[in-house]
Amino acid sequence: MARATTTTVALCFLLSYVFSVLTVDPHRPTLAVSPPPPTASSSVVIDDIIRVLADTTAARIRTDAEATARASTDFGTNVTVDAARRPAAVFYPSCAADIAALLRASSASASPFPISARGRGHSTRGQATAPGGVVIDMASLAGRHSSAASRLAVSVGGSYIDAGGEQLWVDVLHAALAHGLTPRSWTDYLRLTVGGTLSNAGISGQAFRHGPQISNVLELDVVTGTGEVVTCSKHKDADLFDAVLGGLGQFGIITRARIPLAPAPARARWVRLLYTGAADLTTDQERLIDERGGGALAGLMDYVEGSVLTDFQGLIGSWRSQPPSSFYSAADAKRIAALAKDAGGVLYCLEGALYYGGAGDRTAADVDKGVEVLVRELRYARGFAIVQDVSYVQFLDRVSAGEGKLRGEGLWDVPHPWLNLFLPRSRILDFAAGVFHGVLLRRDDGGAGKGGGGGGPVLVYPLNRGKWDGATSAVLPDDDEDGVFYTVGILRSAVADGDLRRMEEQNAEVARFCEAAGIRCTQYLPYYATQAEWAARHFGPRRWDTFLRRKRKYDPMAILSRGQRIFSYPLA
């Protein structure tokens with residue numbers, strides 16, 4: 001025991017020393033950490049740390065340019081990280097205790113160094129980077145665990161699954177389906193990690209009924225910024241539990257989540273309906289998610305989303321929701337192109353699914369009747385209802401087919417200047433008029449025309465506020481009506497020269513439009529440049545006070561997730 005304690009102290013000293021060399025003066029009044037490049041002497045100290053870790057843990061550290069460069073990029077590729085701003089090291093833990101030791105070492109340092117957890121690097125603004133610090137490669141928890149199966153453990157009797165924070169949702173799905181069970185709330189893209197989506201919210205077309213993924217968690221294992229390993233829930237350490245859910249990685253690193261399960265269906269009746277106006281689309285969407293006042297439509301659909309189509313070819317080749325075969329025949333394509341022209345270049349699509357079979361309580365006959373009700377009651381453009389029948393897995397994992405298509409064409413690893421917003425229900429039509437029919441159609445030369453909105457889906461659909469837990473860290477728009485708000489995702493890819501600049505300018509124009517029109521929106525997957533912007537524009541005074549209190553409690557040295565640019569050391 002004495003030898004282990006001495007070695008741990010030595011490890012903490014060495015980690016503290018090297019990162020006091022690599023990081024800037026902690027009293028410098030800036031949110032961005034801009035460390036100098038490592039020196040030869042600091043590299044020697046890092047080598048010493050690696051040797052100590054080899055004696056005391058199963059973790060690995062890499063400091064080579066290949067590893068640090070990979071940890072400095074993400075899905076967005078919008079943030080350029082030069083060699084001087086790369087992390088000093090990438091940490092490959094074997095267990096939560098390794099992560100805790102690393103966090104304690106930073107916390108004990110005179111100049112605490114930044115640490116960020118990286119799942120699959122799907123952020124879009126460098127949120128998972130740690131300039132001059134350490135990026136934790138969370139996938140290592142599964143890849144080097146002595147019993148990988150223990151990172152995904154289903155309790156049939158308890159109707160839950162324990163999933164490592166590094167696990168992908170697609171693997172959670174298959175592990176649960178092996179027992180005839182399934183989680184109830186998803187994201188549209190299943191190649192994201194459990195810890196990653198729970199640190200934001202995790203939303204898709206199921207959220208109107210079951211709430212976001214952060215409303216579907218029973219228990220968490222969290223390593224706080226002080227290096228404490230805590231099991232928390234609504235009944236034990238509830239403040240930490242609520243803080244971490246939707247907390248943008250600011251309070252702790254999720255190493256395990258207990259997710260409730262329900263009986264799994266086998267099939268999905270996948271429906272797409274085309275609209276020529278936003279008012280009809282949103283009216284129908286709201287009827288579908290109103291399970292008490294929706295009349296004949298109430299409860300019919302298990303999944304409700306919608307999209308804005310400013311480019312017909314983009315619709316036909318949409319990467320986001322590729323069915324096993326094309327939704328649209330050649331004849332359909334001609335008819336839809338004509339409809340789009342008559343509608344002034346903008347169409348809307350209501351996309352939904354009705355689940356049945358398997359362990360679910362609906363039959364194919366029930367779904368047939370449900371579809372009959374939909375096509376009779378909804379206000380879509382008659383003759384433009386397209387229906388397919390696919391497996392439950394094919395529907396939930398539909399984005400992977402589109403990903404494969406883009407990867408094959410070399411169009412996946414490109415800049416993604418995404419903008420995600422939550423909007424009050426009362427202003428969605430004003431937003432549609434100004435943005436969908438205005439900003440996204442304008443070219444650089446001020447004209448309008450096909451393709452002006454860039455490549456990629458634009459989503460729009462309502463959510464029920466009552467399905468969200470207000471105690472979590474997630475921020476929603478002001479509730480000015482009956483508890484319904486909208487999410488809008490402008491999810492474009494910058495492929496050609498000039499696309500990134502144009503799309504970023506359009507995103508800024510969207511923000512200016514909302515401000516000028518008095519539309520109080522909130523960013524989902526938010527990003528701001530300064531702490532003042534975070535406090536004023538995102539949180540507002542009341543929620544900022546809670547967020548700051550929790551930061552002081554669970555990460556007082558501001559170690560975690562400095563790439564979000566919310567906090568720096570020392571805390572103000």
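All of these numbers come straight from a predicted model, not from anything done at the bench.
A salt bridge links Glu505 to Arg501: one of the charged nitrogens lies within less than 4.0 Å of a carboxylate oxygen. For the pair Arg287 and Asp284, the salt-bridge criterion is met [side-chain N within less than 4.0 Å of a carboxylate O]. Note on Asp74 versus Arg125: no salt bridge recorded, every NZ/NE/NH1/NH2 to OD/OE distance being 4.0 Å or above. Here Asp499 does not pair with Arg492 in a salt bridge; the nearest charged N to carboxylate O distance is not below 4.0 Å. For Glu219 and Lys236, the salt-bridge test fails: no basic side-chain N is under 4.0 Å from an acidic carboxylate O. Between Lys405 and Glu409 there is no salt bridge, since no side-chain N of the basic residue sits under 4.0 Å from a carboxylate O of the acidic one.
Here the side chains of Arg269 and Asp368 are in contact, with some heavy-atom distance below 4.5 Å. Contact of the Tyr486 side chain with the Pro424 side chain is not registered, since no non-hydrogen atoms from C-beta on lie closer than 4.5 Å. With a 4.5 Å cut-off on side-chain heavy atoms, Thr77 and Asp413 do not count as touching. Leu491 places none of its side-chain heavy atoms less than 4.5 Å from the side chain of His416.
Rounded to the nearest 0.5 angstrom, Leu274 CG and Leu350 CG are separated by 10.0 Å. Of the inter-residue distances, the one linking Arg184 atom CZ with Ile259 atom CD1 reads 10.5 Å to the nearest 0.5 angstrom.
Here the side chain of Gln394 pairs a donor or acceptor atom with the backbone of Ser391 at under 3.5 angstrom. The closest donor-acceptor contact from the side chain of Arg427 to the backbone of Gly518 lies under 3.5 Å. A donor-acceptor pair is defined here as one N or O able to donate and one able to accept, closer than 3.5 Å; no such pair exists between the side chain of Glu351 and the backbone of Val304. Counting only distance, with no hydrogens or angles, the side chain of Arg465 and the backbone of Pro477 share a donor-acceptor pair below 3.5 Å. When atom types are taken as modelled, the side chain of Arg543 and the backbone of Ala474 share a donor-acceptor pair closer than 3.5 angstrom. Side-chain atoms of Thr283 never come within 3.5 Å of backbone atoms of Asp280 as a donor-acceptor pair (strictly under, hydrogens ignored). Side-chain N or O atoms of Asn507 include none that pairs as donor or acceptor with a backbone N or O of Glu504 at under 3.5 Å. Counting only distance, with no hydrogens or angles, the side chain of Gln285 and the backbone of Glu305 share a donor-acceptor pair below 3.5 Å.
Residues Phe241 and His235 place their aromatic rings such that the two centres sit no closer than 6.0 Å. Annotation: Phe422 is in aromatic contact with Trp468 [ring centroid separation under 6.0 Å]. Checked against the 6.0 Å centroid threshold, Tyr524 and Trp418 do not count as a close aromatic pair.
The salt bridge (charged side-chain N to carboxylate O under 4.0 Å, His left out) contacts involving residues 158-172 comprise Arg151-Glu166, Asp162-Arg256, Asp162-Arg258, where partners must be two or more places apart or lie in separate chains.
The aromatic rings of Phe547 and Phe539 lie tilted to each other, with the angle between the two planes from 30° to 60°. Taking the six-membered ring where the residue is Trp, Tyr348 and Phe436 present perpendicular rings, their angle passing 60° and hence far from 30°. Relative orientation of the Phe395 and Tyr303 rings is perpendicular, given thresholds of 30° and 60° on the angle between their planes.
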(request) Take Lys234 and Asp242 through the side chain to side chain contact (heavy atoms under 4.5 Å, CB included) test and state the conclusion after the steps. (result) CA-CA 8 Å; Lys234 277 292 188 182; Asp242 291 333; 2.8 Å; yes

(request) Kindly determine whether Leu396 and Leu190 satisfy side chain to side chain contact (heavy atoms under 4.5 Å, CB included), including the steps that lead there. (result) CA-CA 8 Å; Leu396 290 183; Leu190 301 188; 4.1 Å; yes

For residues 201-213, run the donor-acceptor check on the side chains, cut-off 3.5 Å, and write out each pair with its distance to 0.1 Å, sequence neighbours left out.
unit_1, atom_1, unit_2, atom_2, d
Ser204, OG, Trp186, O, 2.9
Ser204, OG, Gln206, NE2, 2.6
Gln206, OE1, Tyr355, OH, 2.6
Arg209, NE, Glu291, OE2, 2.5
Arg209, NH1, Asp302, OD1, 2.9
Arg209, NH2, Glu291, OE2, 3.3
Arg209, NH2, Gly299, O, 3.4
Arg209, NH2, Met301, O, 2.8
Gln213, OE1, Thr197, OG1, 2.9
Gln213, NE2, Ser185, O, 3.4

